[in-house]
Amino acid sequence: MDELNEQRQQRIKKLDLLREAGVAPYGTRFEVKDRAGELLRLHSEKPKETLDQEKISCTLAGRVVALRRFGKAGFAVLQDGADRLQLYLKKDLLSEQAYAVVEQLDLGDWIGVTGTLFRTKTNEFTVEVHQLTFLSKALRPLPEKWHGLTDVETRYRQRYVDLIANPQVHQIFSTRSRIIAGIRAFLIERGFLEVETPMMHPIPGGATAKPFVTHHNALGVDLYLRIAPELYLKRLIVGGFPRVFEINRNFRNEGISTIHNPEFTMLEFYVSYADYQDLIALTEELVSSLAQQILGKTVITYQGRDIILTPPWQRWSYHQAILEVNSLEPSVLQDREKALAAAKRLNVPVDPKASLFTIVNEIFEETVEPNLQQPTFITDYPIEISPLARRKDTDPTLTDRFELYIAGREIANAFSELNDPLDQRERFEGQAAQREAGDDEAHLVDEDFLRALEYGMPPTAGEGIGIDRLIMLFTDQASIRDVVLFPQLRPEKA
RNA sequence: GAGCCGGUAGCUCAGUCGGUAGAGCAUCGCCCUUUUAAGGCGAGGGCCCUGGGUUCGAGUCCCAGCCGGCUCACCA
């Protein structure tokens, strides 16, 4: 018999012993009156004498994660959420049945207790338990108490064990939830309406990416998991909702890395009558106020580097950034041969047949992006790589657009929306031509979206923020898998 | 998809030159009514990722594969 089975068998045996003692090993309702975190926050600073005087009674529940028994008494550590609180279990203070439970208790079991707060002679804040209710039996042993669970594969595949064994992981996901709640509150406070748009699209659009394909049997059609909600949210602007947002998953059938998961969480929001400059201000306010609210500061540390989220942030035009970082002549941006030569000189690998804008964009991604550690708005992207953005009034080859970079990564993408249906049709047709030419990520013509624009869309600015990456930044995590509860892995047992 | 690194007890890890598989925690038994990585004494527990090969003999060397991490490529 292998060791896991041996430990399981032992625990299954204890199920019977519990039943014999009249205890249900899988119990039911338990009236929780206190949370460990709250008790620690309210009372753990009080001196021994105060606690003895106040005789504070409490009732809480959780998982037993440590047990130190000796003879007819012992200590247990109860884990309640991310908090741990010590229990004192003494035979004299418990019913015969309750003490029988203590004797059968295993690491991992769930219990509920009632008792009073006190300090041990080593000054540890502890609950002296008077009543104990067995709630649920664990049949599998917990990971090692000192090192916890470190095997990354097990941590991702069995996140439940990771969450039990590593309280800091519990903390990260609780922070994640608070960040998303904070974003919702921020937007709702400013008059945004939260909406849900389709996850299954007949035509994938709103971004350039490879989609996942699925099939609807009754309709007999292929559908695509959405790569972005953009075109649907803009339909709602046409419909007359002046401010909408959606926080939900996008799906992209592309590589997996420390900053890419096939499904990822995106915030997109649209503001009627506004332009991309308004969104720069809104983004600074959103991110810095979130940092203040969640982390209590606007200068944060990410992977050993200080990131200053205190506004205002740097603004830099796309072309200006390329020229300045690489000390290039402006003519490079106009001349394909010069751009190609510059790329070669800068050791930026490019396809020699690539178009001017592709070469320039390669130079940007290779030489500028990694330098954008502090929050920076890169503005005025060329029209060729911005098929849904409004042209600049001052230069029709550029768009009213920005991307926000923090820690060398793209965090947000925003622009004044293209609301001219005829221009949009031309751009779609340009994309269709690129698709004909072999670019399978170019946009398809979405006739219904064009029809919507033809009903008239007010001037509008829209933005998408990659929530997982924002959370990585806020929680100082290097890998997206550490901020996604169940990251995508190859299925177990091939 | 390519390169590098890894996979040994439930967990965290050792394993020398190729010579019968090790520790701590966890588990089981005994002792212990204020411990906190509790302690003491004793015991059990292994598909060394899988499949081939070399060898008298493979956890160890070779080949192929599986799974994971990191880097690169694509992308947010």
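Lettering of chains follows the sequences in order, A, B, ..., and the numbering in each one begins at 1. These numbers come from the heavy atoms of this one structure, side chains and all, not from hydrogens, waters or symmetry mates. Note that the coordinates shown come from a computational prediction; the quantities given were computed from them, not determined experimentally.
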Given the structure, check if the side chain of [X] and the base of [N] hold any donor-acceptor pair shorter than 3.5 Å.
X       : N      : answer
E124(A) : U35(B) : no
Q7(A)   : A26(B) : yes
T120(A) : U35(B) : yes

Self-check item: R226(A) backbone acceptor or donor facing R252(A) side chain under 3.5 Å
Solution: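 No: the side chain of R252(A) does not pair with the backbone of R226(A).
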Practice problem: Among F449(A), Y232(A), Y224(A), F212(A), find the residue that satisfies the ring-ring contact (aromatic ring centres under 6.0 Å, His included) test when tested with H201(A). | Solution: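 Per the ring-ring contact (aromatic ring centres under 6.0 Å, His included) rule, the option paired with H201(A) is Y232(A), out of F449(A), Y232(A), Y224(A), F212(A).
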Just how far, in rounded Å, is [atom2] of [N] from [atom1] of [X]?
X       : N      : atom1 : atom2 : result
L51(A)  : U34(B) : CG    : C1'   : 15 Å
R140(A) : U27(B) : CZ    : P     : 16 Å
R84(A)  : A37(B) : CZ    : P     : 13 Å
R68(A)  : G40(B) : CZ    : P     : 16 Å
F251(A) : A76(B) : CZ    : C1'   : 15 Å
E230(A) : A76(B) : CD    : C1'   : 14 Å
E153(A) : C66(B) : CD    : C1'   : 10 Å

[atom1] atoms of [N] and [M], separation to the nearest Å:
N      : M      : atom1 : result
A26(B) : A43(B) : C1'   : 14 Å
U60(B) : G15(B) : P     : 14 Å
G22(B) : G45(B) : C1'   : 13 Å
U54(B) : C63(B) : P     : 15 Å
A2(B)  : G44(B) : P     : 48 Å
G57(B) : U8(B)  : P     : 26 Å
C67(B) : G53(B) : C1'   : 23 Å
U55(B) : U71(B) : P     : 42 Å

Quiz item: Just checking, is any N or O donor in the side chain of Q86(A) or R68(A) under 3.5 Å from an acceptor N or O on the other one?
Solution: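 There is such a pair (donor and acceptor under 3.5 Å, judged by atom type) between the side chains of Q86(A) and R68(A).
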Quiz item: Any chance the side chains of Y405(A) and E403(A) put a donor and an acceptor closer than 3.5 Å?
Solution: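 A pair is found: one side chain offers a donor N or O, the other an acceptor, under 3.5 Å apart.
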Nearest of [options] to any side-chain atom of [X]?
X       : options                : value
Y88(A)  : C67(B), U34(B), G69(B) : U34(B)
D151(A) : A37(B), U12(B), A76(B) : U12(B)
E6(A)   : G45(B), U12(B), U33(B) : G45(B)
K121(A) : U34(B), C70(B), G68(B) : U34(B)
T150(A) : C11(B), A26(B), C13(B) : C13(B)
D92(A)  : A26(B), G69(B), U33(B) : U33(B)
S479(A) : U12(B), C70(B), U35(B) : C70(B)
E254(A) : G24(B), U27(B), C74(B) : C74(B)

Which is true for [X] with a 4.0 Å heavy-atom rule: it touches a base, it touches only sugar-phosphate, or it touches nothing?
X       : value
K14(A)  : sugar-phosphate
G148(A) : sugar-phosphate
T154(A) : nothing
G466(A) : nothing
N413(A) : nothing
R157(A) : sugar-phosphate
N261(A) : base
F118(A) : base

Practice problem: Kindly state whether the pair F264(A) / A76(B) counts as stacked, where counting means centroids closer than 5.5 Å and planes tilted less than 30° apart. | Solution: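 Check passed, F264(A) stacks on base of A76(B).
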Quiz item: Within the stacking criterion (centroid distance below 5.5 Å, interplanar angle below 30°), does F75(A) stack on U35(B)?
Solution: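 Check passed, F75(A) stacks on base of U35(B).
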Tell me whether the OP1 or OP2 atom of [N] has a side-chain N or O from [X] closer than 4.0 Å.
X       : N      : answer
R481(A) : C70(B) : yes
T258(A) : U71(B) : yes
R490(A) : C67(B) : yes

Exercise. Specify the residue among I480(A) and L489(A) whose closest nucleotide of RNA chain B lies further upstream toward the 5′ end.
Key: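 By nearest-heavy-atom nucleotide position, the 5'-most residue is L489(A).
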Exercise. By nearest nucleotide on RNA chain B, pick out whichever of A412(A) and H147(A) is the more 5' one.
Key: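 This one resolves to H147(A).
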Quiz item: So, do F364(A) and H319(A) have ring centers that fall under 6.0 Å from each other?
Solution: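 Not close enough - the centres of the two rings lie 6.0 Å or further apart.
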Quiz item: Given the side-chain rings of W313(A) and F377(A), with only the six-membered ring counted for Trp, is the space between their centroids under 6.0 Å?
Solution: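 Aromatic pair counts; centres sit under 6.0 Å.
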Quiz prompt | D106(A): side-chain hydrogen bond (donor to acceptor under 3.5 Å, both in side chains) partners, not counting sequence neighbours | solution =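 Result, side-chain hydrogen bond (donor to acceptor under 3.5 Å, both in side chains) vs D106(A): K14(A), K137(A).
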Quiz prompt | NZ or CZ of R159(A) within 45° of F486(A) ring axis and under 6.0 Å | solution =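 Pair R159(A)/F486(A) does not count as cation-pi.
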